[in-house]
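See structure below.
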Amino acid sequence: MNKPLENKLALVTGASRGIGAATAIALAAQGAHVVVTARTAKALEEVEQTIFDAGGSATIAPLDLTEKDSIARLAAAISERWKALDVMVLNAATLGTLAAVPAIDAKELAAVLTLNVSAQAALIQAFDPLLRQSDAGKVIGITSSVGRKPRAYWGAYGASKAAFETLLGAYGDEVSEISRVRTAIIDPGATRTKMRARAYPGEDPASVKPPEAVADHITALVINGFETGLWERVPG
């Protein structure tokens with residue numbers, strides 16, 4: 001029985017746990033070969049094994065997206081093996097320390113912006129040629145409500161997500177008329193992740209939706225398609 005994403009290639013960043021891992025597993029379940037990347041090799045191996053056990057296929061690529069030339073090396077390795085990239089899910093991000101704006105540490109702010117903005121720009125740049133080779137390339141970025149509505153103590157993270165949304169949206173506009181690449185931005189909302197637990201340490205994890213709910217939403221978008229500029233919040 002054919003699956004809707006059979007013979008499609010997907011790349012998911014931040015795929016060692018949470019939304020990234022769940023999305024990689026969901027895409028693989030629909031037939032995609034998924035390249036999963038994150039810093040922790042052991043956790044990636046566990047995601048890969050879960051995919052294999054379910055009859056799917058995946059390739060792990062342990063790396064730090066903020067290291068010099070790491071993204072270029074990843075793009076080169078994928079280009080050598082595949083002719084096109086059909087799906088790229090930009091999920092990797094760091095929260096940083098929640099703090100009042102006057103108390104934001106400059107060094108930590110630079111680290112947040114490096115991963116949440118600069119690395120995302122580098123990923124788009126590196127994989128743009130492969131995405132254009134797809135008959136329906138899709139780039140989905142994971143954001144947060146604080147990127148659109150400022151919230152006390154979330155200034156650093158919110159600013160990084162606002163910048164990321166602008167960056168991905170601009171890319172979508174640039175390529176929409178000259179390629180079949182389409183971009184979308186997804187706000188997962190309250191989701192049971194490690195980042196959420198850090199931000200809300202007193203919250204009962206069972207009171208918010210599991211990452212699989214977000215993964216299913218993303219996978220449905222990939223299968224059904226969407227128009228560039230889509231911005232959606234996952235219900236629940």
Side-chain angles (χ1 to χ4, degrees), residues 3-15 19-20 23-24 26-28 30-37 65 71-72 74-76 78-79 81-93 113-149 158-189 214-235:
K3 296 181 178 180
L5 298 181
E6 194 169 355
N7 299 319
K8 300 297 184 182
L9 178 67
L11 169 65
V12 181
T13 68
I19 292 170
T23 299
L27 291 171
Q30 295 301 320
H33 181 88
V34 186
V35 179
V36 290
T37 184
L65 294 175
I71 292 171
L74 176 63
I78 291 176
S79 298
R81 185 171 172 185
W82 291 282
K83 294 181 178 180
L85 178 62
D86 302 290
V87 182
M88 182 163 69
V89 180
L90 299 175
N91 169 71
L113 294 175
T114 296
L115 177 57
N116 296 3
V117 184
S118 298
Q120 311 308 313
L123 283 160
I124 293 168
Q125 180 179 19
F127 287 100
D128 172 63
L130 275 178
L131 287 162
R132 294 194 195 208
Q133 290 300 314
S134 171
D135 58 4
K138 298 177 179 68
V139 184
I140 297 176
I142 307 303
T143 191
S144 168
S145 60
V146 295
R148 295 200 166 194
K149 186 177 180 181
S160 75
K161 284 301 184 181
F164 171 55
E165 287 195 25
T166 299
L167 188 75
L168 183 55
Y171 172 66
D173 279 351
E174 291 158 5
V175 299
S176 64
E177 299 297 328
I178 58 174
S179 77
R180 296 184 180 180
V181 178
R182 299 294 179 261
T183 64
I185 295 169
I186 300 302
D187 175 7
V214 181
D216 289 345
H217 188 94
I218 292 170
T219 302
L221 281 177
V222 171
I223 292 170
N224 297 325
F226 52 83
E227 291 299 318
T228 275
L230 175 72
W231 191 102
E232 282 191 350
R233 182 180 176 90
V234 181

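None of the values given here were measured: they were computed from a predicted structure.
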Problem - From CE (Met88) to OG (Ser134), nearest 0.5 Å - result: 12.0 Å
Handout entry: Donor-acceptor pair, side chain of Asp86 and main chain of Leu9, under 3.5 angstrom
Key = yes
Problem - Verdict with supporting geometry, Thr143 and Glu165, side-chain hydrogen bond (donor to acceptor under 3.5 Å, both in side chains) - result: CA-CA 7 Å; Thr143 191; Glu165 287 195 25; 2.6 Å; yes
Heavy atoms only: give me the nearest [X]-[Y] pair and the separation to one decimal.
X      : Y      : result
Asn116 : Phe164 : O-CB, 3.7 Å
Lys161 : Ile142 : NZ-O, 2.7 Å
Leu5   : Leu27  : CD1-CD2, 3.8 Å
Ala28  : Val34  : N-CG2, 3.8 Å

Practice task
Name all pairs fulfilling the salt bridge (charged side-chain N to carboxylate O under 4.0 Å, His left out) condition that reach into residues 167-183, sequence neighbours left out, sorted by first residue then second.
Solution key: none
Practice task
List for me each residue that meets side-chain contact (heavy atoms from CB on, under 4.5 Å) alongside Ser179, sequence neighbours excluded, and say none if there are none.
Solution key: Arg132, Val175, Val181
Handout entry: With Trp82 via ring-ring contact (aromatic ring centres under 6.0 Å, His included) - residues at least two apart
Key = His33
Problem - More than 12 heavy atoms of other groups within 6.0 Å of Gln125 CD - result: no
Practice task
Test side chain to side chain contact (heavy atoms under 4.5 Å, CB included) on Arg148 and Asp187 and set out the steps.
Solution key: CA-CA 10 Å; Arg148 295 200 166 194; Asp187 175 7; over 6 Å; no
